[in-house]
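The structure appears right after this line, and notes come after that.
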There are 2 protein chains.
Amino acid sequence: MARNVEFDEALAIQKAMEVFWKKGYNATSLRDLTDAMQINSSSLYNTIGDKQELFVRCVQHYTNIRKKDWDQRLASERSPLAVLTDYIHEAVSIIINGEDSCMAVKTAFEVATNDERVKQILAADDQRSNQFLYDLIKKAMDAGEIKNDEDPALLADYFNSTWTGWYESYILHKDSVKIKRMAAYFIKQLTK
Amino acid sequence: MARNVEFDEALAIQKAMEVFWKKGYNATSLRDLTDAMQINSSSLYNTIGDKQELFVRCVQHYTNIRKKDWDQRLASERSPLAVLTDYIHEAVSIIINGEDSCMAVKTAFEVATNDERVKQILAADDQRSNQFLYDLIKKAMDAGEIKNDEDPALLADYFNSTWTGWYESYILHKDSVKIKRMAAYFIKQLTK
DNA sequence: CCCATTCTGAAACATTCGTTTCAGAATTGA
DNA sequence: TCAATTCTGAAACGAATGTTTCAGAATGGG
């Protein structure tokens, strides 16, 4: 019938996400976005929608990436405890070496309070993160790798919420030793 | 020589702080601020300065209030462990009943990455919070109220960063039982 | 009381914001 | 090739942004 869309929508979303991630929702202008996406605002409004809609798509994209990572790790043949400790060490590495904090955390505090759709996406993401930890802890307990005198659901809750504070600490103090020490204590609590 | 400032600056800062707290820095407009402060923008610029300067003053004000609270608690005659557990329970109550999250946490993620002055204020605030916990834990250990087989500085670090995740969890899930369970586990770790 | 000084209120400032418009280029199926 | 349709680019939109201006009201010290 007629012409097709010229730009790669998935790539454009990725670029937009990077800008939102770095600057936050409110500090990002439409010009920032169209510059990074390399498209005209008319194309943006014709395909994706307005700034809010674009942001929702970016947060969705961010959480989809995380979901894939968790699924891959859960499918691993290695011991649950090894998968868990690897995950913790990689999380620490991301906190210390990453340029920006976790986008989900930043967004939870800046946007989720006022935007129900964004809140729902992040709540579902947090639920998956929780389930990921629960599955590993439960399997490690059943395999006798860690002590089982505590409710695995409680431990999953507790550990899941612990990361967030590490991001804040690293923003304020840029002290990587401190983060590593907390991670070591974290693992020790589980295993001892 | 001449006329004095008409408005109560301390009260105006308080009102501005409440707006920044609720909406965040970038989503707050100067009209929002002058409306809440009940002053004209010319008065604001003549006395306090621009939006950034006002924000810095508000964050300072927020952290000053916290400092006073910690000092009062540390001056208490009661047992260190009792002071600590009271503090935790009140923190949980604020998370669950408060309308907005902690302003320091929100600001750390939204502004501290890009504003060195704000970062310094929040880093100092976090340092005091840490010291507050350290002092109580150390005193409780010396008094034999809690086991002393762990470095109190590490425990203070760890617990200090733990709160932040509870705020995030409550924003996303509004599950007060979950927060209370985590707080109970938190105290149990200390005392058992 | 009066003059010098300072504060206030309303209006205006340039700039940027998110969004829309639309002519023309591009692409499709026939 | 052609007509129908859709996309793109540049420009423009009104509204809102943070900030400045300045005339006039208010108040201090002499």
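A note on names: the letters A, B, ... follow the listed sequences, proteins ahead of strands, and every chain is numbered from 1. All values reported here derive from a predicted model rather than from experimental measurement.
For A/Arg73, the salt bridge (Lys or Arg N to Asp or Glu O under 4.0 Å) test picks out A/Asp69, A/Glu90, with sequence neighbours left out. Here B/Arg117 pairs with B/Glu53 under the salt bridge (Lys or Arg N to Asp or Glu O under 4.0 Å) rule; sequence neighbours left out. Judged as a ring-ring contact (aromatic ring centres under 6.0 Å, His included), and not counting sequence neighbours, A/Tyr170 has no contacts. For A/Lys67, the salt bridge (Lys or Arg N to Asp or Glu O under 4.0 Å) criterion is met by A/Asp71, not counting sequence neighbours. In this view, B/Tyr134 satisfies the ring-ring contact (aromatic ring centres under 6.0 Å, His included) rule with no residue, not counting sequence neighbours. Taking the ring-ring contact (aromatic ring centres under 6.0 Å, His included) definition, one finds that A/Phe7 meets it with nothing, sequence neighbours left out.
The local environment of NZ in B/Lys15 is sparse, with at most 12 non-hydrogen atoms from other residues, nucleotides or ligands closer than 6.0 Å.
Screening residues 17-28 of chain B for salt bridge (Lys or Arg N to Asp or Glu O under 4.0 Å), with sequence neighbours left out, gives B/Lys23-B/Asp32. For the side-chain hydrogen bond (donor to acceptor under 3.5 Å, both in side chains) condition, the pairs that include at least one residue of residues 104-113 of chain B, sequence neighbours left out, are B/Asn26-B/Glu110.
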For DNA chain D, what dot-bracket results from Watson-Crick or G-U pairs at under 3.5 Å, with [ ] for crossers and | for inter-strand partners? ||||||||||||.||||.||||||||||||

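If you measure from atom CG of A/Asp35 to atom C1' of C/dT16, you get 14 Å, rounded to the nearest angstrom.
The stretch residues 18-34 of chain A touches DNA chain C through A/Thr28, A/Ser29, A/Leu30, A/Arg31, each having a heavy atom within less than 4.0 Å of the strand. Contacts between residues 37-56 of chain A and DNA chain D, counted as heavy-atom distances below 4.0 Å, involve A/Asn40, A/Ser42, A/Ser43, A/Asn46.
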Side chains of residues 145-155 of chain B: which donor-acceptor pairs under 3.5 Å do they make with residues two or more places apart or in other chains?
from	atom 1	to	atom 2	distance (Å)
B/Glu145	OE1	B/Leu81	N	2.8
B/Glu145	OE2	B/Ser79	OG	2.8
B/Glu150	OE1	A/Lys188	NZ	3.2
B/Glu150	OE2	A/Lys188	NZ	3.1
B/Asp151	OD1	B/Ala153	N	3.1

